[in-house]
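Worksheet for the structure shown next.
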Amino acid sequence: MGTPQLDKTYDPKAVEARWSQVWSQQGYFHASPTHPGQPYCIVIPPPNVTGSLHVGHALNHSIQDILIRWRRMQGRNVLWLPGTDHAGIATQNVVEKQLMAEGASRESLGRERFIERVWQWKATSGNTIVSQQKQLGESCDWDRLRFTMDDGLSKAVLEVFVRLYEDGLIYRGERLINWCPRCQTALSDIEVEHEDVKGKLYHIRYPLADDPHTALIVATTRPETMLGDTAVAVHPDDPRYHHLIGRKVCLPLTTREIPIVGDAILVDLEFGTGAVKITPAHDFNDFEAGERHKLQRLQIFDHHALIDAAKLQDASVDREIIEALRGLPVTKARPKVEALLRERDALVKVEDHKMALGKCYRCKTVVEPYLSPQWFVKIQPLADPAIKAVEDGRIRIIPEGWTNNYLGWMRDIKDWCISRQIWWGHRIPAWYCESCNAGRFKRFIETGESKTASTRLIVAPDATPIVAKSAPTRCPDCGGHNFLQDEDVLDTWFSSALWPFSTLGWPEHTPELKAYYPTSTLVTGLDILFFWVARMIMLGLKFMGDVPFREVYIHALVRDAEGQKMSKSKGNVIDPLHVMGQFGTDALRFTLASMASPGRDIKLAEDRIEGYRNFANKIWNAARFSLMNLDGPRTAAAPSERTFPDRWILSRLNQTIQLVTSELEAYRFDRAANALYHFIWHEYCDWYLELIKPTLQHSASPDGPGTRQTLVETLET
RNA sequence: AGGCGGAUAGCUCAAUUGGGAGAGCGCUGCUUUUACAAGGCAGAGGUCACAGGUUCGAUCCCUGUUCCGCCUACCA
């Protein structure tokens, strides 16, 4: 090669584009199970197809890329497997918004056409994030790109669902679940975000049925649900009230009499008045108390969280009260009930009280406890082995501190509600024989936000489902041929829980599965430890008989200026692509790596990125200087014959390599980055290059620079 | 309510097992001598949140306090 004249300053755009092309043309990132070397595999946490790359991805992916390229340099058989997630509710919301802008709606299209529309949307703009990932220089094996709803993965979902059902680990039942009245679907416990709000504690007089002059004062934060009360509880050891157990009180605003029960679990002697109303259909504690005392569940809100007048009628509510409350949402029903109680002199007092309000993690709407038939995974039998795997070190969580977090949650885990009343997702493979279940179906017209309608099928909780990988043709019980399929789809996280083996070809026995499972490392943020990591461990152990990964590295969260979590719906996302355009991709990636120290969240400062842009430029110019001085003879002298600066820099180089290696082994990307920075800038450039300038006219040194260039370029990018 | 983490230079953040406190950006002065002014050299700037304790010695270990953040939670 002659003497190419490099530009005086580093131009990331041109250089990045060139290298990116070389990489993909040469197929450097393509993995094969037959390649030599010990396998090293990372499956990427699949970003939502709706998404575009945000700084959190940039951090998460940069860390993985560092590990991947580092292991590749060590000669391991490396696979970095990319993909995207169908993100049920989130994606459905995005497409629904588009429809709304066109004056259409999900309901007006109907299920089939709506799903087609989502696929269409996915085809046109769903891969935005993938091209952005490529722009970030991620060295994934792009030939193996997967999607949680592609054929192979859907097959895996079916297989898992049916087997779990056959093992008795999936069941259907009517339970109180978290319901988002806007998304019109059930949510799992962890899909609810809690927020402290200022509320009030209402003290309400419930007169005794046989002695109207005496009353039990009940304290509640939700007076609007009282019309669904089916009992009042006191503590069995409470000297004030225990003699009342077994008697009845009149429920204000109604003609109903409800029993007083003793319940030591529900009632806290210290709190409020010591008397608690029990509303089994609208409160989780009360639901359980209702189970204990075999109480009726009276639902007074409908699926839009509006007062259901018809149900109030069944519940013996006074006629004028029904008219006053008809169709009111919770927020309006509460002050209305308060006023009605006041009119009747049933309200003793109201005091301030802070309480936690549950909100939908996708749309921030206030979630209501709602009684409905849903599908659940019986989780305890899956959780136990998943706890053991972490306890005995088969899976190591880094930083270690999160281990207790994981264990604590797993030990107290509750059954997982996996059915969602939306359209976009894996439809539950359950069918109901029409003749066997006659009378157990209910269809109702559903009005969406656009006032156009579609029908929804509700199947009674006591119906008998047939769970199979494909639609049954003949009912095993009655020989009938007509079936209705369950309309629910699965929680998005159900398919992502299979990700480490479904992407490798399971349930087929593929060479990939054999070579790369268990995968090596999982890199993720803390926010999806329970959503995703815990469930992968449970299902990996269940279906592969081995852990899905050996190490879990949990990195910091990138926050915005106010320390808030960045999220698409909040619109406070910093665009990494913009930053990359301004300072270069390597500058961004190096910045993120250098800030990835454990135990602290990252607040991204632009000045910092600029500093590392300068660093990239420094490297560029070191290379430029070297090329300008490469003319002339080069000899690889024996160590003893090398000049002092040469020997010194080579020894420093080797120490740096060792240091960086050990830091990477410890997942200390910040320290690895700093070691590189210090060596390259302050030792190699400041001292070595300056020292050899006088001798460069002659011969001795210049193969040192060559080795160093390659080291730098590959290690950090 | 419980659990965890943080508090270090003007700003964003480091500091390997207890011993001299660092980087980037910003700031001051000098420097345009052919790798790089996105550079080089020199420098200012810190009661390491607060109060105790252990120790020959504490930013680091222990106790308590204050402030901030996060996670979990059914106190009606």
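Residue numbers begin at 1 in each chain, while the letters A, B, ... track the order of the sequences.
Between B:C4 and B:U12, the two C1' atoms lie 23 Å apart (nearest whole Å). Spacing between B:G24 and B:U8 at atom C1', rounded to whole Å, works out to 15 Å. Taking the P atom of each, B:G40 and B:A35 are spaced 13 Å apart, rounded to whole Å. Only the P atoms considered, B:C41 is 25 Å distant from B:A9, to the nearest whole Å. Remark: the separation of the C1' atoms in B:A58 and B:C48 is 11 Å, to the nearest Å. Across the C1' atoms, B:U54 and B:U28 are found 43 Å apart, a figure rounded to whole Å. Nucleotides B:A14 and B:G52, compared at atom C1', are 28 Å apart to the nearest Å. Nucleotides B:G6 and B:A44 are separated by 31 Å at their P atoms, to the nearest Å.
Taking the six-membered ring wherever Trp is involved, the centroid distance between the rings of A:Phe271 and A:His235 does not fall below 6.0 Å. For an aromatic pair to be called close, the ring centres must be under 6.0 Å apart, and A:Phe615 with A:Phe590 satisfies this. A centroid separation of 6.0 Å or more is found between the aromatic rings of A:Tyr406 and A:Phe530.
When every heavy atom of A:Leu176 is checked against every heavy atom of A:Pro280, the shortest pair comes out as CD2-O, 3.7 Å.
Spacing between atom CG of A:Leu526 and atom C1' of B:C4 amounts to 10 Å, rounded to whole angstrom units. Following rounding to the nearest Å, A:Leu557 (CG) and B:C13 (P) show an atom-to-atom distance of 14 Å. A:His682 has its NE2 atom 19 Å from the P atom of B:A14, to the nearest Å. If you measure from atom OH of A:Tyr612 to atom P of B:C13, you get 13 Å, rounded to the nearest angstrom. Look at CD on A:Glu193: it is 11 Å from P on B:C70, rounded to the nearest Å. To the nearest angstrom, P of B:U16 lies 20 Å from CD of A:Gln658. Counting to the nearest Å, the C1' atom of B:G24 and the CD1 atom of A:Ile602 are 15 Å from each other. The interatomic distance linking A:Asp412 (CG) with B:A73 (P) rounds to 8 Å, in whole Å.
With both pairing distances under 3.5 Å, B:U8 is matched to nothing as a Watson-Crick or G-U wobble pair. Pairing partner, B:U63: B:A51, with both Watson-Crick or wobble hydrogen-bond distances short of 3.5 Å. Across every strand in view, B:U16 sits unpaired, with no contact that passes the Watson-Crick or G-U test at under 3.5 angstrom. Of all nucleotides present, only B:A1 satisfies the Watson-Crick or G-U wobble test against B:U72, with each distance under 3.5 Å. Remark: B:A35 base-pairs with no nucleotide in the shown strands. Criterion, Watson-Crick or G-U wobble with two distances under 3.5 Å. B:C41 and B:G29 make up a base pair, with Watson-Crick or G-U wobble contacts both under 3.5 Å.
When distances are taken from the side chain of A:Ala219 to each of B:G24, B:A76, B:A73, the shortest belongs to B:A76. Taking every side-chain heavy atom of A:Asn621 into account, B:C36 is the closest of B:C74, B:C36, B:U72. The side chain of A:Met355 sits closest to B:A76 out of B:C71, B:A76, B:C36. Taking the side chain of A:Lys618 as heavy atoms from C-beta on, and the options B:A76, B:G40, B:C70, the nearest nucleotide is B:G40. Of the candidates B:A76, B:G24, B:C74, B:A76 carries the atom nearest the A:Thr221 side chain, counting heavy atoms from C-beta on.
One finds a side-chain N or O of A:Arg668 lying less than 4.0 angstrom from the OP1 or OP2 phosphate oxygen of B:A15. Taking 4.0 angstrom as the limit, A:Asn614 places a side-chain polar atom (N or O) nearer than this to OP1 or OP2 of B:C25. Under 4.0 angstrom from either OP1 or OP2 of B:A76 there lies at least one side-chain N or O belonging to A:His353. Side-chain nitrogen and oxygen atoms of A:Trp402 include none within less than 4.0 Å of the OP1 or OP2 phosphate oxygen of B:U72.
Across all strands shown, A:Leu266 has heavy atoms under 4.0 Å from base atoms, whether or not it also approaches the sugar-phosphate. At the heavy-atom level, A:Asp268 lies under 4.0 Å from base atoms of the strands shown. Here A:Phe287 lies out of heavy-atom contact (under 4.0 Å) with every strand. Base contact: A:Phe271 has a heavy atom under 4.0 Å from a base atom. Note on A:Tyr677: only backbone sugar-phosphate atoms sit closer than 4.0 angstrom, heavy atoms only; bases stay farther off. Counting non-hydrogen atoms under 4.0 angstrom, A:Gly274 reaches a base of the nucleic acid.
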Original post:
Please walk me through it: do A:Thr230 and A:Gln296 pass side chain to side chain donor-acceptor pair (under 3.5 Å)?
Top reply: CA-CA 6 Å; A:Thr230 48; A:Gln296 195 193 348; over 6 Å; no
**OP:** Take A:Glu610 and A:Asn614, measure what side chain to side chain donor-acceptor pair (under 3.5 Å) needs, and give me the verdict at the end.
**Re:** CA-CA 6 Å; A:Glu610 191 177 350; A:Asn614 296 349; 5.4 Å; no
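Contact check on A:Glu195 versus A:Lys364 returns no salt bridge, with no Lys/Arg side-chain nitrogen under 4.0 Å from an Asp/Glu carboxylate oxygen.
Nearest-nucleotide positions on RNA chain B place A:Trp681 closer to the 5' end than the other of A:Asp283 and A:Trp681. Map A:Arg671 and A:Gly401 each onto its nearest nucleotide of RNA chain B; the residue landing nearer the 5' end is A:Gly401.
The closest side-chain heavy-atom distance from A:Val249 to A:Pro207 is not below 4.5 Å.
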